[in-house]
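Values below: every heavy atom of this structure, side chains too, minus hydrogens, waters and symmetry copies. The chain is numbered in sequence order, starting from 1. Just so it is clear, the structure is predicted and the values come from calculations on it, not from any experiment.
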Amino acid sequence: MTDFNEPINRIGTNSVKWDTILKTYNEKELLPLWIADMDFKAPHGVLKAYQDVIDHGVIGYADTPESLYESIIDWEQRHHQLTVEKSEILFFSGVLAGITTALQALTEPNDAILIHDPVYPPFANIITTNRRKLIRSRLIEEDGHFIMDLADIEEKFKHEKIKLMILCNPHNPGGRVWTKNELNQLGELCKKYGVLVLSDEIHQDLVFAPHEMTSFFAAGDSFSDFSVQFTSMTKTFNLAGIKNSIVFVKNERLKKQLTRKQEENFQQEINTFGLAGMEAAYRTGDTWLKELLDYLQGNVAYTLDFFQKHLSKAAIMKPEGTYLLWVDFSDYGFSDEELENLLVHKGKVVLNTGVSYGPSGKQHMRLNVACPRKTLEEGLQHIVTALN
């Protein structure tokens with residue numbers, strides 16, 4: 001059984017989460033509850049696979065083994081009831097690399113691209129950096145969670161001539177696990193207006209019962225004809241540093257366009273540790289993942305209770321998936337800059353600033369609870385110190 005309470009000192013390991021905050025904020029002894037990786041060791045089976053590679057001693061060019069494809073196909077079928085074939089699988093160094101390449105392959109400069117607001121910040125960066133037109137559709141907060149504004153989306157499809165939408169499924173930062181019905185309604189609009197969909201499903205395994213993950217492919221008939229799905233075991237098993245991801249593309253025309261751009265950019269090679277870690281995770285990680293989800297749910301429950309008792313002016317979303325909580329601090333009356341400064345310089349705690357996720361993220365913060373309980377308890381106390 002994995003001990004997720006084990007403290008692991010990540011300082012001095014070139015960790016983005018732990019080691020960059022001094023340079024970013026010029027403040028010592030900060031506690032990070034930000035960047036979306038976990039402060040837990042990877043599963044034993046993955047670490048053993050890495051050790052086997054190291055013990056062999058020769059780390060040369062690596063081919064993609066048939067057994068890796070089999071492990072991916074089996075995982076998707078067992079965990080998500082999604083049927084994929086080897087010919088429908090591509091590999092990239094990361095989900096963002098795959099999305100960027102797909103955007104380049106399937107759209108032209110000045111094409112209009114739709115994303116939600118708020119949503120994972122790199123989506124907007126990818127769109128603007130590649131000289132596409134960024135369009136946002138604001139999510140509606142209802143009964144403590146986000147829902148899509150389908151009327152607004154349809155208006156933007158019609159009047160902005162949207163070519164493509166980047167979807168976050170499950171949603172980051174709100175933790176929504178979109179239902180099959182929600183995805184079906186969105187997909188029918190996309191089909192009606194000829195909008196392509198790039199579905200980022202990297203959090204697909206981090207879903208809390210009774211909620212169920214639905215791939216965009218599976219949400220409606222023929223949705224795979226106008227969509228591409230991106231995922232990775234790196235988020236599930238805390239392996240972000242190995243930089244490997246999977247793309248599922250079932251439509252042959254889309255696959256040809258994407259593969260051509262991938263080859264133009266010479267992005268088709270995956271490193272040895274990415275290949276070994278991915279297969280080991282999918283073959284040996286079931287028990288670890290179950291234990292992780294139980295632990296994360298405990299941390300979520302603890303955090304929600306803590307806010308209710310000690311930070312009741314803040315409105316916090318209960319996530320249906322991921323390990324990320326979206327917190328509304330607007331009732332405290334601070335500007336975004338004031339809120340960040342108080343948390344960092346008075347509370348000595350770092351969260352992700354909400355405004356970076358889009359205009360509707362003003363006076364919000366994103367909180368990462370994927371850490372040992374003791375670290376979480378300390379970090380939440382730091383937030384109280386900052387605001388009281």
Side-chain angles (χ1 to χ4, degrees), residues 13-17 20 34-38 42 46 49-50 62 64 68-69 71-72 75-76 84 88-107 113 115 119-130 132 164 166-173 197-206 215-216 227-249 254-255 257-282 285 322-324 352 356-357 368 370:
T13 64
N14 298 316
S15 163
V16 172
K17 184 177 183 180
T20 67
W34 63 333
I35 303 296
D37 70 12
M38 300 185 277
V46 175
Y50 290 155
T64 306
L68 173 57
Y69 288 102
S71 70
I72 295 167
W75 182 273
E76 291 298 323
V84 292
E88 299 166 346
I89 299 172
L90 300 174
F91 297 101
F92 280 85
S93 60
V95 165
L96 292 178
I99 290 175
T100 301
T101 304
L103 188 81
Q104 294 169 347
L106 304 177
T107 67
I113 314 297
I115 61 175
V119 79
Y120 185 47
F123 290 176
N125 295 339
I126 288 170
I127 293 165
T128 56
T129 299
N130 283 278
R132 272 61 172 175
L164 180 148
I166 305 177
L167 173 68
C168 200
N169 175 38
H171 179 256
N172 171 10
V197 176
L198 306 183
S199 187
D200 177 354
E201 304 190 1
I202 195 171
H203 288 100
Q204 64 173 2
D205 300 310
L206 301 175
S215 164
F216 186 79
S227 64
V228 181
Q229 179 179 318
F230 305 81
T231 191
S232 177
M233 82 302 171
T234 58
K235 191 66 65 177
T236 304
F237 297 103
N238 203 33
L239 303 172
I242 69 169
K243 309 301 285 185
N244 195 5
S245 70
I246 310 163
V247 176
F248 300 133
V249 53
L254 297 179
K255 181 183 175 184
Q257 291 176 270
L258 180 54
T259 303
R260 185 184 305 118
K261 181 59 68 173
Q262 183 184 37
E263 292 172 351
E264 287 177 4
N265 295 340
F266 213 81
Q267 294 175 313
Q268 64 270 36
E269 292 186 347
I270 299 300
N271 73 74
T272 299
F273 288 94
L275 297 173
M278 179 180 289
E279 182 170 350
Y282 284 148
T322 81
Y323 45 76
L324 307 166
N352 288 102
S356 66
Y357 295 79
N368 177 354

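Minimum heavy-atom separation, Val46 to Ala280: CA-CB, 3.9 Å. Between Leu198 and Ile99, the shortest heavy-atom contact is CD1-O, 3.9 Å. Scanning both residues, Val249 and Lys255, for their nearest heavy atoms gives CG2-N, 3.6 Å. Residues Gln262 and Thr101 approach most closely at N-CG2, 3.8 Å, considering heavy atoms. Between Thr322 and Pro170, the closest heavy-atom pair is CG2-CB, 4.4 Å. Of all non-hydrogen atoms in Thr64 and Leu68, the two that sit nearest each other are CG2-CD2, 3.9 Å.
Distance check, rounded to the nearest 0.5 Å: CG of Asp200 to CD of Gln229 gives 9.5 Å. Rounding to the nearest 0.5 Å places CD1 of Ile202 at 7.5 Å from OG1 of Thr236. Here the CD1-CE distance, from Ile72 to Met278, works out to 5.0 Å after rounding to the nearest 0.5 Å. Atom OG of Ser227 is separated from atom CG of Leu254 by 8.0 Å, given to the nearest 0.5 angstrom. From Ile270, atom CD1 reaches atom CG of Asn244 across 4.5 Å, with rounding to the nearest 0.5 Å. The distance from the CG atom of Leu239 to the CE atom of Met38 is 8.0 Å, given to the nearest 0.5 Å.
Counting heavy atoms from C-beta on, the side chains of Asn172 and Tyr357 come closer than 4.5 Å. Residues Pro173 and Leu324 fail the side-chain proximity criterion, which asks for heavy atoms closer than 4.5 Å. Met233 has its side chain within reach of Ile242: a pair of non-hydrogen atoms, C-beta onward, lies under 4.5 Å apart. Residues Pro121 and Ser356 form a side-chain contact, since some pair of their non-hydrogen atoms from C-beta on lies under 4.5 Å apart. The closest side-chain heavy-atom distance from Asn265 to Gln104 is below 4.5 Å. Here the side chains of Glu201 and Ser215 are in contact, with some heavy-atom distance below 4.5 Å. Proximity of Phe92 to Leu258: side-chain heavy atoms (C-beta onward) are separated by under 4.5 Å at one or more points.
Using cut-offs of 30° and 60° for the angle between ring planes, the Trp75 and Tyr282 rings count as tilted.
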Legend entry - Intermediate values then yes/no, side chain to side chain contact (heavy atoms under 4.5 Å, CB included), Thr100 and Thr129: CA-CA 10 Å; Thr100 301; Thr129 299; over 6 Å; no
Inset, instruction - For the pair Thr231 and Val95, evaluate side chain to side chain contact (heavy atoms under 4.5 Å, CB included) and give the outcome as yes or no after the intermediate values. - result: CA-CA 6 Å; Thr231 191; Val95 165; 5.7 Å; no
Legend entry - From CA spacing to verdict: side chain to side chain contact (heavy atoms under 4.5 Å, CB included), Asn368, Tyr323: CA-CA 6 Å; Asn368 177 354; Tyr323 45 76; 3.1 Å; yes
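In this view, Glu264 and Arg260, Lys261 satisfy the side-chain contact (heavy atoms from CB on, under 4.5 Å) rule, not counting sequence neighbours. A search for ring-ring contact (aromatic ring centres under 6.0 Å, His included) contacts involving Phe123 returns Tyr120, not counting sequence neighbours. With sequence neighbours excluded, the residues forming a side chain to side chain donor-acceptor pair (under 3.5 Å) with Thr234 are Ser232, listed by chain and number. Residues passing the ring-ring contact (aromatic ring centres under 6.0 Å, His included) test with Phe248: none are found, sequence neighbours excluded. Under the side chain to side chain donor-acceptor pair (under 3.5 Å) criterion, Lys17 pairs with Asp39, not counting sequence neighbours. By the side chain to side chain donor-acceptor pair (under 3.5 Å) test, Thr107 is found to be paired with Arg132, residues two or more places apart in sequence or in another chain being considered.
With respect to Leu90, the side chain to side chain contact (heavy atoms under 4.5 Å, CB included) criterion is satisfied by exactly one of Val228, Ile246, Val247: Val247.
You'll find the ring centres of Tyr69 and Phe91 inside the 6.0 Å limit.
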